[in-house]
Amino acid sequence: MPQIAKVIVDVPTMQTNRPYDYQVPVTLVDVIQPGMRVIIPFGNGDRKIQGFVLQVLDQLSFTGQLKAIEAVVDLTPAVNPELLSLSDWLAQQTYAFQITCLQTMLPSVMRAKYTKTATLTDEIPTDLQASLFNGNDELTFDQNLAPDKLKQLMQLQRQGKISVTYHVDNRAQVKQLTAIEPALSFEQLEEARMGLRKSAQKQSQLISYLQTLIDQEAPTLLKTILEKTTFTRENIRIGAEKGWLRQVKVEAYRNPYANAVQPTHKMTLTSEQETAVDAVVQSASTDASEVFLIEGVTGSGKTEVYLQTIDAVLQQGKTALMLVPEIALTPQMVQRVKGRFGDLVAVLHSGLSEGEKYDEWRRIERKEARVVVGARSAVFAPLEDIGVIIMDEEHEASYKQDESPRYHARDVAIWRSQYHNCPVILGSATPSLESRARAQKDVYHLIRLTQRVNQQALPAVELVDMREAMRVQKASNFSPALLAGIKERMQKGEQSVLLLNRRGFSSFIMCRDCGFVLQCPNCDISLTLHMDTHSMKCHYCGHEEAIPKICPSCQSRQIRYFGTGTQKVEAELQELIPEARILRMDVDTTRKKGAHAKLLKKFGDHEADILLGTQMIAKGLDFPDVTLVGVINADTALGLPDFRASERTFQLLTQVSGRAGRADKVGQVIVQSYNSENYAIQFAKQHDYEGFYQYEMAVRHRGGYPPYYFTVKVTVSHPEEALAAKKSFQIAKQMRPILSDQALILGPTPKSIARINNRYFYQIVIKYKQEPQLQAKLAEILETTQIDTRHGFKIGLDNEPLQFT
DNA sequence: AGCACGCCGACT
DNA sequence: GTCGGCGTGCTC
């Protein structure tokens, strides 16, 4: 009976965002399964593209001429049934194309690359063949093909002198290594030895060696033999030639953590920790999908709770998924988990090469790894039979992807937990207001860890009012109190960590005579100074140019740096304390792979007194000799027009405060600010999350913000500002009639950076409580504005956006 | 996305 | 007359 496959094709547009029917060729009838990738002809020219099989049916719903599947890419489905249905839900939830969702769930190497080649089928003038085809009869189309050559090719195509073929390249390469195994039995080898000449010492040795390998299950890697024995490549080759041994290819995993990991052991739990573990494990064994919110002060041992929960779940024969913000996925963290569960752990994060990520993914897929630790996209790890999903630092904004599909890993985690009937742990010292409010309403189960494991008091936080400090001294980033603190630690041989809250701050260049600021030609934003590359860069579009020596506007030479970059602060501190050994950690010094870990190791080895950095130093670092944490500018985020500014400031301050004085030494925190009376700073000083939560909830209630309201953001962009504005007003007007009186439309307003990459952005934010028609209307708007994309419009939807600026 | 088709202005 | 510009529709 004829088989039909429903296929999602790799053409990310609104119109092709639906399954297409394909004939399954007889040869593939028993091969093709849902979730496999296939290569299919698509469109008029039958160009070859990749697609995902959704279902295989024996009935067809399509009445036209079917095309047949060309080939299968996978031997086993790349996407299992769970993830297939997750992709469907995700597409609905985030208004993204299903193909984009499917590709997001897989390692990037599994995304197809397409090439197009022209082959000569007829005689053409030799000079043309020489210039166009380089004398060959085949040519690959690519972007840098000169326009005139492209014209010539099109002409040839019209004359029917070339044929165009499409290729789908699969970049996912399995790394293979050569290994050997004995090809004969012990006795046969002995016989072979008899046939040798007396002088063939090495060959005899090889036979003996092979005999020792006979009982081994797996083939031995050639690499290992060459390293550990005296046999050479040539010896092995002769062995193979004489039929004593077989050379086989084995799949190798690129193991990014090949170096031995220190095993770590279970720690004794405090009674609070134990209660937490028990509650979750209890839930795991009842097949319920509860969400636990663990609100635990810094140092309360949340990680140990996670690890012991994972341990219990593994013992139930299930698997575990642990999500960590990218920035917290430090070598320290990985070591800790690997140390506990060894080779059962797969790690997924952006520091791995594409190939390494693919290998880790395959280890999970083949059930060799049963614990996955990773950043946001690890939430799609193909684990089966999940027993618990953990999300550490659940308040972190990096769990939300800021490109399509704009999903929040927390939502995906909860979806998967319902599929697997397993608990979710959301852990944080400073939970997001959304999660904490859900716990209040008993949607989540709240567990509070109030005791620190070492029973030590939280460090004292001292606020320094910079307005005051600046009155008595000249402008500086360092108050006398902070400087004194740093010097004191240096004398005691202890260390300091300094945080530069960089949000909304960076160094730019301004002319002191005319006030000219160097701007990006494509975006409405000033260029940022980068000392390491000696250039000015745009952080939005990547535009780069030389640092001007004279002002382009008034030709003055008085063009100077402004703002507070880490480099500038480092220079100032060095000047103030010449003998200080300072390590700077920011985007520039950690760009290279492994640089982050190297810097941290240096600091851990006491090669520096001071670690100076941006947000990235706030998370997860654990150095016993750090007894002072200084926050250079606590309140830059507070000035931003974002209702989450206070929450972010509170979270950041609490986070860094926890970095001071672990182990046996007392810690101190010095926070410099221009707004020390601000409630976020005050509650952070008191280490009072619950107080902050109550206060902030009241603020959100008054302003009508989440978690009291749901939000959705519509962004419209166009190269012409007036058109972008007009379209956004049109959309707002369409929305109004279907919304109830409870819903509010904010805007349209231009984005705070109105122009990015030569496009103007306008946005609308809809705040609502319950709008049954909203989702359908938004989907409809995406559908109807489809035509406008032809005229340069881009319309994007962001469900529950984290960025409002 | 990328291709064909079809309608208009500028050319051999 | 036709070549080739782009606007429009469609892809199982």
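We name chains A, B, ... by the order of the sequence lines, and we start the count at 1 in each one.
With sequence neighbours excluded, the residues that form a salt bridge (charged side-chain N to carboxylate O under 4.0 Å, His left out) with A:Lys777 are A:Glu780. Applying the side-chain contact (heavy atoms from CB on, under 4.5 Å) criterion to A:Ser108, with sequence neighbours excluded, gives A:Glu354. Here A:Tyr407 pairs with A:Phe380 under the ring pair (Phe, Tyr, Trp, His ring centres under 6.0 Å) rule; sequence neighbours left out. Partners of A:Arg759 under the salt bridge (charged side-chain N to carboxylate O under 4.0 Å, His left out) rule, at least two apart in sequence or in another chain, do not exist in this structure.
Contacts between residues 778-789 of chain A and DNA chain C, defined by a heavy-atom separation under 4.0 Å, are absent.
Here A:Gln15 lies in heavy-atom contact (under 4.0 Å) with a base.
Sequence neighbours left out, the pairs with a member in residues 780-801 of chain A that pass ring-ring contact (aromatic ring centres under 6.0 Å, His included) are A:His718-A:Phe793. For residues 402-411 of chain A, the salt bridge (charged side-chain N to carboxylate O under 4.0 Å, His left out) pairs, not counting sequence neighbours, are A:Glu394-A:Arg410. Residue pairs that meet the salt bridge (charged side-chain N to carboxylate O under 4.0 Å, His left out) test with at least one member in residues 13-35 of chain A, sequence neighbours left out, are A:Lys6-A:Asp21. The stretch residues 71-82 of chain A participates, sequence neighbours left out, in these side-chain hydrogen bond (donor to acceptor under 3.5 Å, both in side chains) pairs: A:Arg37-A:Asp74, A:Glu82-A:Arg416, A:Glu82-A:His420.
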Per-nucleotide protein contact string for nucleotides 3-8 of chain B (B base, S sugar-phosphate only, - none; heavy atom under 4.0 Å): SS----
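In 5' to 3' order, the nucleotides of DNA chain C bounding all contacts with chain A (an atom under 4.0 Å from a heavy atom) are C:dG4 to C:dC12.
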What side-chain donor-acceptor pairs closer than 3.5 Å can you find for residues 43-52 of chain A, not counting sequence neighbours?
unit_1: A:Asp46; atom_1: OD1; unit_2: A:Lys67; atom_2: NZ; d: 2.4
unit_1: A:Lys48; atom_1: NZ; unit_2: A:Asp46; atom_2: O; d: 3.0

